[in-house]
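Notes to accompany the following structure.
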Amino acid sequence: MTLPKEFIENNQDLLGDEAADFLASFQQEAVSAFRTNPLKKAQKSFPQPIPNSLWGHYGKVSGKSIEHVTGLVYSQEPAAQMVAQVAAPQKGMRVLDLAAAPGGKTTHLLSYMDNTGILISNEISKKRSKILVENVERFGASNVVVTNESPQGLAKVFKNYFDLIVLDAPCSGEGMFRKDPDACQYWSGDYPDQCARLQKEILTEAMTMLAPGGRLVYSTCTWSPEENEAVVTWLLETYPDLELLPVEKLNGMVGGIGMPQVARMYPHRFKGEGQFLAHFQDRRPTPSKPQKLKPARSNLTPEQKRLWQDFAKENLLVELSGLLQVFGDQLYCLPEGLPDLAKIKIARNGLHLGTFKKKRFEPAFALGLALASDQVKHSLTLTETDFKTYVSGNTLTVDSNLANGWYQILVEGNGLGFAKLVNGTLKNYFPKGLRFFS
C-alpha cells in the first residue's frame, strides 16, 4: 500500500520512535471480527473471543451463512466495537446514533438496550439508510426508528431529549486505509480541517438534542488531531457544562495527544483498525419539570385494528407493547414515548408488523425476525438444505398433515420471517431483494 506522503510525515512527527512500527502495520492485512447478537434466543459458541468484550470475536463470517442471515452475528472490526462498548447504554434509555449507517454501532447499542427504551438511528444518505434498515431488521430490533434526516432537522423535534448520543462522525478515514485502500486516494493534507468543520456543525446540533445530565460519545476512524483532540477541546470550550470522562484503555488502546482521558487505537498496538473516541458527561441540572412534547398517536381505522388483532390472536403468544401506526397500507409498532415525527423523514418507523391487504393482514419479514420461537404459536424448522432452497426464492414441500396458515420460519432456532403454508406447500416470503444462491 502506498500511503500519502503528507500522511506519513504527519504521523512521523506525532509518533516519533513509534512511527516506523505504525507505518509498517499498513503492509499487514486488516483485522476482521464480528459480534454475536444477544437478542436472538438460540445462541451458539464461537472461537477467538476478543478480550474484554461481551460479544466480540475475531474472524470472518459469510454473508450467506445461517448465522448472518438470521441476524445471530454482525461483522464489525474490533476498534469500531469499542465505541458502543464505551457508550454502554442502560435499558430504558433514549439513545441517538446520529450517523448510523451501515449499522454496526446501532446494533451494538441494541445489544445493551435489549429492545427497551428508544433508539433513533439516523443516516442522512437515503441510499445508506436503506442498508441501515436492512441491518436493523435482521438484528431483530423492535425499539428502533431509522430516520433519514439532517442533524438540523432532528434537532427541531428532539430538543433536550436524549440520555445518550453517539456520533461516529464523518471523517478523513485514515483508520480505514488498510481495510479500504481507495480511501488513500481522496485523502489530502487539508482534508482533516475540512472534516473538522463539518464535525463541529454536527456536534452543535447534537448538543441541542442532549438532555441535561446526558452523555455524549464522539468518535472518528482517523488519527488526525484536527478531527480528534482539537474537536474535543472545542467542545469543552464551547459547552462549559460538559465534562470529559476517562476512557478505560483496553487491549492496547492509548491516551490521546496531550489528552489522556480520550482513547486512540493504532494497528501496531491494538488488534484492529484505527479509531478515536471521547466520552462526555453533561453536568447541567435535570429540570424539575419534564418538557412537554407533542406525542405520537395511533392512526389505525377500526377495520385495520380488527385485522391486526385477529392475526395476533391466531399466531402470537405475546402482546406487543408500543404505539401502532399505519403508513399507507403498512403497519408499524413504535416504541412508546416518542414525540410526533410528522416533520421527520423516516426510513423505518419502529418494528414493521406487516401489510394490510383486501380484508386480510400479511405479516412482515421483520416481525418474523424479531420474534423468538416461544412468542409464536406456529413455527416450522428448516434444515440447512431447506434453508438454501428457501433463500434462493423457492417453495418447500412439508408435512401435508399440518394445518394451513402462517408459520414462523426457524433456522437453527432463530426466526427467518413468516411464510404461509397451503396444502403442504410452504410459499416463499423471503424478500426478493435479499435472495441468493449458496
Side-chain angles (χ1 to χ4, degrees), residues 83-84 86-87 89 93-101 105-106 109 118-126 128-129 132 145-173 190-222 224-245 247 256 259 261-263 275-287 291 293 339 341 343-346:
V83 179
V86 167
M93 275 187 166
R94 295 174 173 180
V95 181
L96 170 63
D97 186 356
L98 188 46
K105 292 169 183 68
T106 281
L109 293 166
I118 296 170
L119 175 58
I120 302 296
S121 182
N122 183 67
E123 174 54 49
I124 193 170
S125 163
K126 188 172 183 178
R128 283 168 57 82
S129 70
L132 176 59
V145 175
V146 177
T147 54
N148 176 213
E149 190 57 83
S150 68
Q152 294 86 348
L154 289 175
K156 291 177 182 177
V157 175
F158 291 107
K159 186 176 181 180
N160 295 327
Y161 183 83
F162 294 103
D163 305 309
L164 170 66
I165 296 178
V166 175
L167 173 60
D168 186 43
C171 69
S172 57
D190 60 354
Y191 193 30
D193 282 324
Q194 295 174 28
C195 292
R197 287 193 290 272
L198 175 60
Q199 289 152 5
K200 290 174 184 177
E201 291 174 9
I202 298 173
L203 283 165
T204 298
E205 304 301 333
M207 290 304 300
T208 300
M209 295 184 276
L210 188 66
R215 292 186 293 121
L216 168 69
V217 173
Y218 172 74
S219 66
T220 70
C221 57
T222 196
S224 144
E226 296 93 329
E227 302 171 77
N228 296 332
E229 287 86 357
V231 171
V232 171
T233 299
W234 170 83
L235 265 172
L236 294 172
E237 291 174 348
T238 308
Y239 301 95
D241 290 315
L242 276 185
E243 177 188 353
L244 185 60
L245 301 177
V247 175
M259 193 175 285
Q261 302 96 323
V262 302
Q275 196 81 37
F276 168 91
L277 67 94
H279 190 191
F280 302 87
Q281 176 78 60
D282 183 275
R283 294 302 183 188
R284 289 173 294 168
T286 304
Q291 63 173 328
L293 296 171
L341 303 181
K343 296 181 180 179
I344 296 289
K345 296 176 186 174
I346 295 174

Minimum heavy-atom separation for C195 to C171, with atom names? SG-C, 3.5 Å
Is P170 close to I202 at the side-chain level, that is, under 4.5 Å between some pair of heavy atoms? yes
Check: N160 side chain, A211 main-chain N or O, donor-acceptor pair, under 3.5 Å: no
Are any of the side-chain heavy atoms of Y239 and T204 separated by less than 4.5 Å? yes
How close do M209 and L98 get, counting heavy atoms only, and between which atoms? CE-CD1, 4.2 Å
Verify the neighbour count for atom NZ of K200: are there more than 12 heavy atoms of other residues, nucleotides or ligands below 6.0 Å? yes
Rounded to the nearest 0.5 Å, how far does OG1 of T220 lie from CG of L167? 10.0 Å
With no hydrogens and no angle check, is any side-chain donor or acceptor of R215 less than 3.5 Å from a backbone partner on A87? yes
Looking at D168 and K105, is any side-chain nitrogen of the basic one under 4.0 Å from a carboxylate oxygen of the acidic one? yes
Sub-3.5 Å donor-acceptor pair from the side chain of E123 to the main-chain atoms of A101, do we have one? yes
Which heavy atom of E229 sits nearest a heavy atom of M259, and at what distance? O-CE, 3.7 Å
Of all heavy-atom pairs linking P151 and I124, the shortest is CD-CD1, 4.4 Å
So do the side chains of L96 and F158 get within less than 4.5 Å of each other, counting heavy atoms only? no
Could you give the distance from CD1 (I346) to CG (L341), rounded to the nearest 0.5 Å? 4.5 Å
If we ignore angles and hydrogens, is there a donor and acceptor under 3.5 Å between the side chains of N122 and T147? yes
Measure the shortest side-chain to side-chain distance between L203 and L216 over non-hydrogen atoms and say whether it is less than 4.5 angstrom. yes
For a 4.5 angstrom cut-off between non-hydrogen side-chain atoms, does I118 reach Y161? yes
Does the side chain of N228 come within less than 4.5 Å of T222's, by heavy atoms? yes
Answer yes or no: is there a donor N or O on one side and an acceptor on the other, between the side chain of N148 and the main chain of S129, under 3.5 Å? no
Candidate list E226, Q194, E227, test side-chain hydrogen bond (donor to acceptor under 3.5 Å, both in side chains), partner S172, passing option: E227
Verify, without hydrogens or angle tests, whether D163 (side chain) and R94 (backbone) share a donor-acceptor contact under 3.5 angstrom. yes
Would you check if F280 and V232 make a side-chain contact, meaning some heavy-atom pair closer than 4.5 Å? yes
Taking all non-hydrogen atoms of both residues, which atom of G153 and which atom of I344 are closest, and how far apart? O-CD1, 3.6 Å
If every non-hydrogen atom of M207 is compared with every non-hydrogen atom of R284, which pair is closest and at what distance? O-NH2, 4.5 Å
